[in-house]
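Inspection log for the structure reproduced underneath, given as structure tokens.
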Amino acid sequence: MSKTKPSLPRGTRDFGPEIMSKRSFIIDIIKKNFIKYGFAQIETPAMENLSVLTGKYGDEGDQLLYKILNSGDFLSKTSKEDIEKGSRHLTTKISEKGLRYDLTVPLARFVVMNQNEITFPFKRFQIQPVWRADRPQKGRYREFYQCDADIIGSKGLWSEVELTLLLTDVFHDLRLEDYIIKINHRAFLFSFAELVGLKYQTISFCTEIDKIDKIGEDRVAENLKALGANISQINEVLSLFKENDKGIVLERLLNIGVNKEVISNINSYFEALAMSFDKKIKVELDLSLARGLSYYTGMILEVKSTGVQMGSIGGGGRYDDLTGVFGLKGISGVGISFGLDRIYDVMEELKLFPEEIASRPDVLIVHFSEENLKHAYRIVSGLRDKGIKAELYPETAGIRKQFDYSDKIGVPYTLIVGDNEMNSGRYMLKDMKTGNQEPLKMDEVMRRLKQN
RNA sequence: GUGGUUGUAGCUCAGUUGGUCAGAGCGCCGGAUUGUGGUUCCGGAGGUCGCCGGUUCGAGACCGGUCUUCCACCCCA
């Protein structure tokens, strides 16, 4: 048998115990808040039929889809012609499933397939990995977790407000304060594109607009001009981006022909957030925000860390007709997504993880002999029955070694079981931080440990 | 997918123009100390220098390929 060196596919990672306790810390907070806001959890398969996935994320997205080779003799249904027609065509012959690319399209499929069982508005959350055949970088992985909350089948503005409050609560609970929620509306972008004369190239227009903080206004203006945009109108749009007064911005938007209803919606959204919710809400209207998947049609939103150089740590928006592609018309939805892995990276870099989240027992029992060890069987079991996280050093060993181990795992207390203790019925409970120890009866030991 | 970048002990990194350059610190294991850890002291184990091939009398250092890391483009959580 040949020995192979173990390795991991590019852009994927193992998560050891310390990393997992931190990831769980984040997930638990997100999940707790999802539930608090009335969302119910669902899960969907890692793989979907390619017919569900393809064409939903644009050409770029299709390229980033992981396709699964058909089982068995995957060439049996292909001909020489299929190969000659190129890889794109051939793919359809040898692969019919793919790994999920996000959680929104699977949700749309789920809603359509279960429309008769679902009560609308349908509020669901989903925390699962997704896969993209992207080139990995810092904060960019080929396998990563999304934590989505969506409200399907409601057009009310309260949904947007509620999701904004939810975002705020989660970041507050994580103690991650250096972030900003940027919002924009697709209708604004469409109007801008029309204004500069790129009505039929809105995608290209948005792509350029999105690069403003990266390459600067001047180069964006150049690029737009190259696309055929009118220079004076470009300048008008760019100046609008810099306007800080929200009232003036909304007025100017009205002047350039943005739908009145959309403007009043945005206005109502900010008015709602301005009400006292006893929270610091960090939302900012950013007219140059042009990202988001191709299916967003209304408000779009992105969460940026202001403390760390990192792509967005969350995003979301409203999609008026997500289920339309699967034959269910007239269902509007709005959703947000937390990027677990990026939130992790940000929190790690900012050292925001509390120290006490590592999983460790409350007490470790140490001993001197086989007899002591056996005597401790009942003790450790008794402690556990009281709900105390107790661990017993599993074999006889030097007491020094056992204390060394206690240190390594960071256990706050050790309970010493030796001949003295067995004879007196009083067990030595040692506080590992102070080094103080005290002989105590078992019920007193339990009382002390329960306090912590 | 395109261009560039990185890769030496578990970790962080030294290693001069190819010729005792296979090293340090930390960590790990053992002992000093068989009823007491975090300090100290002593000792020890670990690497075919990412992998494959080439140039050379000789390669960790040079060349090619490949994998990985990070960066830019693209796009995104």
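Order of the sequence lines sets the chain letters (A, B, ...), proteins ahead of strands, with each chain counted from 1.
Base orientation of G46(B): syn, since the glycosidic angle falls within 90° of 0.
Residue whose closest nucleotide on RNA chain B sits further toward the 5' end, between Arg342(A) and Pro9(A): Pro9(A). In this structure, Gln63(A) and Thr12(A) both approach RNA chain B, and ranking their closest nucleotides by distance from the 5' end singles out Gln63(A).
Between Thr207(A) and C75(B) there is a side-chain polar atom (N or O) within less than 4.0 angstrom of OP1 or OP2. Proximity of Gln137(A) to the phosphate of A72(B): a side-chain N or O atom is located under 4.0 Å from OP1 or OP2. In this structure, Lys211(A) does not reach the C73(B) phosphate: none of its side-chain N or O atoms is under 4.0 Å from OP1 or OP2.
Classification of the Tyr405(A)-Tyr393(A) ring pair by plane angle, with boundaries at 30° and 60°, yields perpendicular. Relative ring orientation between Phe122(A) and Phe110(A) is described as parallel, the plane-to-plane angle staying below 30° on a 0-90° scale split at 30° and 60°. The aromatic rings of Phe25(A) and Phe353(A) sit perpendicular to each other, their planes meeting at more than 60°, with 30° as the lower class boundary.
Out of G37(B), G35(B), U69(B), the shortest distance to the side chain of Pro136(A) is found at U69(B). With distances taken from any side-chain atom of Met428(A) to the nucleotides A77(B), U36(B), C73(B), the minimum falls on U36(B). Comparing G35(B), U36(B), C74(B) by their closest approach to the side chain of Arg140(A) singles out C74(B).
Ser406(A) comes within 4.0 angstrom of no nucleic acid atom, judged by non-hydrogen atoms across all strands. Residue Gly58(A) is out of contact with every strand shown, counting any heavy-atom pair closer than 4.0 Å. Note on Gly11(A): only backbone sugar-phosphate atoms sit closer than 4.0 angstrom, heavy atoms only; bases stay farther off. Using a 4.0 Å heavy-atom criterion, one finds that Lys430(A) contacts the bases of the nucleic acid, with or without backbone contacts as well. When heavy atoms are screened at a 4.0 angstrom cut-off, Gly418(A) is found touching base atoms of the nucleic acid. Counting any heavy atom pair closer than 4.0 Å across all strands shown, Gln437(A) reaches a base atom. Tyr141(A) comes within 4.0 angstrom of a base, heavy atoms only. Among the heavy atoms of the strands lying under 4.0 Å from Gly139(A) is at least one base atom, whether or not backbone atoms are also near. As judged by a 4.0 angstrom heavy-atom cut-off over every strand, Ile343(A) is placed among residues making no nucleic acid contact.
Spacing of P atoms, U69(B) relative to G53(B), comes out at 24 Å, to the nearest Å. Separation of the P atoms belonging to C74(B) and G10(B) is 40 Å when rounded to the nearest angstrom. When the P atom is used for both G50(B) and A22(B), the distance is 16 Å, rounded to whole Å. Comparing the same atom, P, in C49(B) and in A59(B) gives a spacing of 12 Å after rounding to whole Å. Between G60(B) and G47(B), the distance separating the two C1' atoms is 11 Å to the nearest Å. Nucleotides G15(B) and A77(B) are separated by 42 Å at their P atoms, to the nearest Å. Across A9(B) and C21(B), the matching C1' atoms stand 15 Å from one another, rounded to whole Å. A gap of 11 Å separates the P atoms of G18(B) and C63(B), to the nearest Å.
With salt bridges taken as basic N to acidic carboxylate O contacts below 4.0 Å, one links Glu444(A) and Arg448(A). Look at Lys408(A) and Asp404(A) and you find a salt bridge, because one of the NZ, NE, NH1 or NH2 atoms lies within 4.0 Å of a carboxylate O, short of that distance.
Atom-to-atom, OH of Tyr413(A) to P of G38(B) comes out at 20 Å; the value is rounded to the nearest Å. If you measure from atom CD1 of Ile30(A) to atom C1' of A77(B), you get 11 Å, rounded to the nearest angstrom. Atom P of nucleotide C67(B) and atom CZ of Arg10(A) are separated by 8 Å, given to the nearest angstrom. To the nearest angstrom, P of U36(B) lies 8 Å from CD1 of Ile399(A). The distance between atom CG of Asp59(A) and atom C1' of C74(B), rounded to the nearest whole Å, is 13 Å. Whole-Å rounding puts the Ile26(A) CD1 to A77(B) C1' distance at 13 Å. Taking atom NZ on Lys138(A) and atom C1' on U6(B), their separation rounds to 16 Å, with Å as the unit. Atom pair Met432(A):CE and G38(B):P shows a separation of 9 Å (rounding to whole Å applied).
Applying the 3.5 Å distance criterion, the base of G37(B) shares a donor-acceptor pair with the side chain of Asp407(A). For a distance-only test at 3.5 Å, the side chain of Lys408(A) fails to qualify as a donor-acceptor partner of the base of G37(B). Side-chain atoms of Arg135(A) stay outside donor-acceptor range of the base of C74(B), with no qualifying N/O pair under 3.5 Å. Side-chain N/O atoms of Gln402(A) and base N/O atoms of U36(B) include no donor-acceptor pair closer than 3.5 Å. No donor-acceptor contact under 3.5 Å links the side chain of Asp404(A) to the base of G38(B). Residue side chain Glu421(A) reaches the base of G35(B) through a donor-acceptor N/O pair under 3.5 Å, judged by distance alone.
Across every non-hydrogen atom of Arg360(A) and Gly410(A), the tightest pair is CD-O, 2.9 Å.
Side-chain contact of Thr207(A) with Asp210(A): a donor-acceptor pair under 3.5 Å is absent, judged by distance alone.
Remark: C62(B) base-pairs with G54(B); criterion is Watson-Crick or G-U wobble with both hydrogen-bond distances under 3.5 Å. Pair check for A24(B) finds U12(B); Watson-Crick or G-U wobble, both atom distances under 3.5 Å.
Taking a centre distance below 5.5 Å and an interplanar angle below 30 degrees as the stacking criterion, Phe403(A) does not stack against the six-membered base ring of G38(B).
Taking the ring axis of Phe171(A) as reference, the NZ or CZ atom of Lys282(A) does not stay both within 45° of it and closer than 6.0 Å to the ring centre. No cation-pi contact links Arg132(A) to Tyr57(A), judged by a cut-off of 6.0 Å to the six-membered ring centre and 45° from its axis.
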